[in-house]
Amino acid sequence: MNALEMIYGTPAGKFVAKKMGLNEPPKLRRGRTMPTGPVVLGELDGGGIARETLSLLGITPGQPLLDVADNRTKDEKGRAQPPRYQQKPGAIVIDATGVREITQLEGIRQLLRPIMRGLEPSGRVILLATDASEVEGLEAKAVAQGIDGINRTVGKELRAGSTSNLVFVKGGATAQDLASTMSFLLEGRSAFVSGQAWRVGPAKVQHEVSPRPFEGKVVVVTGAARGIGAAIARTFARDGAEVVAVDIPQAGDALAKVANEIKGSALQLDITAEDAGEKIAKHVARVLGAEKKIWAIVHNAGITRDRMLANLDEKLWGSVLDVNLAAEMRINDYLLNNDVPGGLADEARIVGIASTSGVAGNKGQTNYAASKAGVMGLVWAMRDELADQPITTNAVAPGFIETEMTGAIPFLQREIFRRTNSLSQGGNPVDVAETLAYLCDPASGGVDGQVIRVCGQNLVGA
Amino acid sequence: MNPRNAVVVGGNRTPFVKAGGKYAMASAQDLLTAALDGLIARFGLAGQQVDEVVAGAVLKHTRDFNLTREAVLGSSLSNHTPACDLQQACGTGLEAVVYVANKIKLGQADVGIAGGVDSASDAPIVVTEPLRKALLALSRARSLPQKLSALGKIRPADLMPVPPAVVEPRTGLSMGESQAMTTKKWAVTREEQDQLAYESHQKLAKAWDEGFFDDLVTPYLKVAKDGILRPETTMEALGKLRTVFGKDDPTMTAGNSTALSDGAALVLLAEEEHARAKGWPVLAKVIDAQVAASDYVTGSEDLLMAPARAIPELLKRNNLSLQDFDYYEFHEAFASTVLATLKSLEGQGLSAVDRDKVNVKGSSLAAGHPFAATGGRIVASLAKMLADKGPGSRGLISICAAGGQGVVAILEA
């Protein structure tokens, strides 16, 4: 901790920081908690799937207020004000799946204006639109993308920890397919996901949403000894998983602590070993029983070896690519091609960790950015390659997450990186974990080939 | 009813380090708990009940009267797991394995954990006898003059703490001094001893490099590898060390004798069918074991060579010859202990042991020797080697112990 950081931590420092516009960031609603206020549904012409989805989740939505001339009131200075909700809504779901024309976007404006200063803290704006690939005509396709522009801007304008996200619904997707996504977005689990858009299609095998979706299921987490990996292991265990926590032998003591805490098991393994996939399957069969299969594998293990490219040799280059990308591919390859005891389940979930560095690039991280952008490429390619199987492949791309690794960034840089997002704060490891758990949820079979940023809508690469 | 087999499922130990080193601040209980938690994690046993955990320590505080049970309570096992302390000097770890294996065979347990711990850093330091007597008198004293009289008997020298001595009470000789007599008697040369020590380091280093210990060791206090191991040592370097034990023409050095060490090691044992039903690896069966003791007090026999008495008995009972083994694990208390024991066995008409099969993954000279932890280290490593070798492969373990005792056992894959 340097002098500046110490001053910043004092009451006087906090006072000055506040005067400079650096407010204490809002505390985000996290975990499997619903908003306290009502969930309001704005249904535009041609919609309907959102109401059905909410109904599957046992939610009876409230009526929205519309910002039209008749509903406006005048303030003391005679200016027209949008209608105000009696009770602050916890979320608004806008079903724009039937919107095809530019003029119809006005309907979204009417729904959003009363909400922008009317949501409860950590509130939610959830937009549903039909994916551009499913609509006919130039206007409809342009409009689909236009909705994402609304989404991204709303994310930036919302206050007090509220978020906005957009789900593009693909052809054939039913309410059942959307339920896990809707539940994730409404609950505190999506706390640090904002300004994002991703696609949900029809699942090859449908499952109902459940508060303990991984009950009796085996989930393998690499790099589980500390930081984000440990949070991932804990989150899956909370949701019922039998977790196999993997990390390098040198991290074995921390790994054992995590494994024992969540009543999982520990596998000391260098994932870059040629036979890493085989060792993982063997461990599952040995510890959990030969009939057990891996429901989900979370490729979280990763390293950084940062240098400006001018100073980067082949060793630092190669090790990062091997751990962050090649090892993951070798393990997948073994598990997908070998039907062994403790191997991959027929309807498995494969998830990886990309990074905003992979999306946008980052000084001093050519090797890391290559590996993380590679993870994204892998996700997209595997979706196509495994198109005839119910296996899904997805990734998350974390932004600034509060870990030992980011704690080592110099204070000023850290404070800037931490605050330059719509939620004005760093995410917690659990935020990454929750998003991965959502992607691995049995009910998320329709979410495939997606990369979701967990970055609080960071400015980098957005 | 089919006979019940006791099998080794796996093991776990801390890296071993020199006493007073990286684990100086850890108690024996801390070390044992760490080894236990690593084993629990490896096999996903957190929250579960094991039929019994048996372990011990040679250097033991009075506060550790229930060492193993306290380690269990501090671990992630269910609090319903009973535990028992057992102590037979350096034979403790192997004797604990035998105890659990026997209970499993008798049907008194299906799953057990056995091993031991020692911390020469955490050795109990006691008060002098005069001080102890004076304090007793003080506690009995009722009047002030009686109390003053009791206190008055204490001399400044009595206040000095008494560290533990590693000497045999019957002979007053340290283990090294006793072994020096054995070394001379069996004409074990300096070069033979240094060669054994050199090979021990080479073999242990290779095993570490190959990842052999990836599923046998869990790091502790930022130590991920055995601290005594010197992969770079040479015969020349070992040959230059000055001798430390023995008087005329001494040959024993710090290089060919084990260092005082800290560490803990445990083995997971189960009934064979029980293990198979769980999908657990069945590494090796615990076939049989034997203890013996030598009459070293009269000087007619050697302090650390009781295994040479136990092995022939064990072989006879199992209709085996000394050649019927794929691997031999002779605990390297001192290089010359192993060499003298081999000479003794060969002298008893048992034909020579293939030296390439002895301590193939290194032993105590390189790994270190936290007394009660050595048995667990050897059993887990040997069981893994036998499983790798394949069904029917067989290993012999020989561990010498203070008081002229020896514990030997046979494992078979």
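In this text the structure is predicted, and so the values were computed from the model without any measurement. Letters A, B, ... mirror the listed sequences (proteins, then strands); counts begin at 1.
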query: With no hydrogens and no angle check, do the side chains of B:D326 and B:S393 hold a donor and an acceptor under 3.5 Å apart?
result: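 No - no donor-acceptor pair under 3.5 Å links their side chains.
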
message: Checking B:S363 against B:R377: is there a side-chain donor and acceptor pair closer than 3.5 Å?
response: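 There is such a pair (donor and acceptor under 3.5 Å, judged by atom type) between the side chains of B:R377 and B:S363.
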
message: Salt bridge or not between B:R13 and B:D226? Use side-chain N to carboxylate O under 4.0 Å.
response: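 Judged by the 4.0 Å cut-off on N to carboxylate O distance, B:R13 and B:D226 do form a salt bridge.
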
State, with a plain yes or no, whether a side-chain heavy atom of [X] is found less than 4.5 Å away from one of [Y].
X: B:L260; Y: B:K18; result: no
X: A:I271; Y: A:V323; result: yes
X: A:V244; Y: A:V287; result: no

- request: Heavy atoms only, distances under 4.5 angstrom: which of A:E291, A:E242, A:Q250 has the most pairs with chain B? Name it, please.
  value: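 Among the listed options, the one with the most contacts to chain B is A:Q250.
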
query: Which of the residues A:A259, A:P249, A:A273 is involved in the greatest number of heavy-atom pairs with chain B at under 4.5 angstrom?
result: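 Heavy-atom pair counts peak at A:P249.
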
- prompt: Of the listed residues (B:A34, B:P219, B:S75, B:G38), which shares the most heavy-atom pairs with chain A below a 4.5 Å separation?
  reply: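 Answer, by heavy-atom pair count under 4.5 Å with chain A: B:P219.
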
Does any heavy atom of chain A fall under 4.5 Å from the side chain of [X], the backbone, both, or neither of them?
X: B:A41; value: both
X: B:L77; value: neither
X: B:K222; value: backbone
X: B:V217; value: backbone

